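For ligands, and for the atoms within them, numbers begin at 1 and follow the listed sequence. Quick caveat, the model's predicted, so the values are computed rather than measured.
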Amino acid sequence: MKLLTTGFAPFGGERINPAWEAVRRLPDRLGEAELIKAEMPTSFAGCAAALEEACRLWRPDGVLCVGQAGGRACVTVERVAINLAEASIPDNDGAKPVDQPLVPGGPAAYFATLPVKAMVRRVREAGIPCQISYTAGTYVCNCLMYRALHLAAEVYPGMRAGFIHVPYALRQAADKPGSTPSMSLEAITAALAAAIEAAALGQEDLGTGMGTTH
Ligand code: PCA
């Protein structure tokens, strides 16, 4: 499986983005996956254009995008992307959309088409805390996940897509309040590797119940 794996540029005053730091540390081959790595601009418009260009160029069988979720304590595999751009801080191009659809007239939401539960289980088996998330937010990460799934739906049938959010790296949390959760880049990279190995098996997702009660 040719898997386009992306991470974002730093944003919001951070000096690094743990998503791209971990993605760029991954090997070029992982199990059944041949990885193509690309850094995405943290910009609503820019990431959509960069993703379209990368898909046109590489024709991947799958797309796994990775982003920073500062404040989350574990690795989270996203289940759903929504057709909404609503920013509380400007993106790296200064855009701050409010109540905007990402794709006017597009579906309200898309579910991830990578095997979310199998990925979560594999990351946990690697000894790293991991959960399913049912919201990728309304900022640039949700935008990229929605765009990838929309591109698959409209242009590249059969291309699977999904998204993983990762916590701050240790060094980002070092000068934040003591209760700020973080994870080592080594652990984040190992989590991505485990998730990719599961995704690259190309199987249907597990039938196990994993949801939340609130
Ligand atoms: N995280 C942001 C955008 C880029 C990133 O790494 C988000 O969760 O939307």
Side-chain angles (χ1 to χ4, degrees), residues 4-26 37-54 63-103 109-112 114 116 119-120 123 130-151 161-173 176 180-185 187-189 191-192 195-196:
L4 173 64
T5 312
T6 73
F8 280 101
F11 69 101
E14 296 294 326
R15 296 164 68 116
I16 62 158
N17 189 318
W20 174 241
E21 292 302 320
V23 166
R24 73 183 182 85
R25 283 169 167 76
L26 288 168
K37 303 168 206 168
E39 186 180 14
M40 294 282 129
T42 303
S43 147
F44 283 95
C47 76
L51 178 73
E52 278 180 31
E53 175 62 14
V63 180
L64 176 65
C65 306
V66 186
Q68 164 192 304
R72 286 194 191 173
C74 71
V75 172
T76 46
V77 184
E78 299 293 347
R79 184 85 194 254
V80 60
I82 60 174
N83 190 9
L84 175 68
E86 171 105 7
S88 55
I89 57 169
D91 71 13
N92 286 359
D93 287 336
K96 196 167 176 286
V98 174
D99 279 332
Q100 297 292 314
L102 291 165
V103 176
Y110 284 109
F111 287 116
L114 290 175
V116 169
M119 291 159 75
V120 168
V123 176
C130 184
Q131 301 281 344
I132 298 179
S133 159
Y134 299 93
T135 173
T138 58
Y139 194 50
V140 180
C141 288
N142 173 71
C143 167
L144 187 61
M145 182 179 175
Y146 187 93
R147 290 280 179 184
L149 288 159
H150 189 64
L151 210 52
F163 196 100
I164 295 183
H165 261 124
V166 302
Y168 283 133
L170 297 182
R171 77 175 91 137
Q172 293 177 282
K176 292 187 173 63
T180 307
S182 61
M183 204 179 257
S184 71
L185 280 178
I188 295 172
T189 308
L192 296 184
I196 287 168

message = For Glu78 and His165, which I'm curious about, is there any donor-acceptor pair between the side chains at under 3.5 Å?
response = yes

ask   = Between Ile188 and Tyr168, what is the shortest heavy-atom contact and its length?
value = CD1-O, 4.5 Å

query = Going by atom types only, do Gln172 and Glu14 share a side-chain donor-acceptor pair under 3.5 Å?
reply = yes

inquiry  = So for ligand 1, is Tyr139 a polar contact partner (N or O within less than 3.5 Å, distance only)?
reply    = no

request  = Using a strict cut-off of 4.0 Å, indicate which atoms of ligand 1 neighbour a heavy atom of Gln68.
outcome  = 1 (N), 2 (C), 5 (C), 6 (O), 8 (O)

message = For His150 and Tyr110, take the angle between the two ring planes, folded into 0 to 90°, and tell me which bin it lands in: parallel under 30, tilted 30 to 60, perpendicular over 60.
response = tilted

task = Mind checking the CG-CZ spacing from Leu102 to Phe44? Nearest 0.5 Å is all I need.
result = 7.0 Å

remark   = Counting from 1 in the order shown, the ligand 1 atoms closer than 4.0 Å to a non-hydrogen atom of Cys141 are 1 (N), 2 (C), 3 (C), 4 (C), 5 (C), 6 (O), 7 (C), 8 (O), 9 (O)

query = Which atoms from ligand 1 have a heavy atom of Val140 less than 4.0 Å away?
reply = 3 (C), 9 (O)

key: His165 heavy atom under 4.0 Å from ligand 1   = yes

remark   = Here the pair of heavy atoms bringing Cys47 nearest to Phe8 is CB-CE2, 4.2 Å

query = What atoms of ligand 1 come closer than 4.0 angstrom to any heavy atom of Gly67?
reply = 6 (O)

query = Which of the atoms in ligand 1, numbered in the order shown and given with their element, are less than 4.0 Å from a heavy-atom of Asn17?
reply = 5 (C), 6 (O)

inquiry  = If the cut-off is 4.0 Å to any non-hydrogen atom of Thr42, which atoms of ligand 1 fall inside it?
reply    = 3 (C), 4 (C)

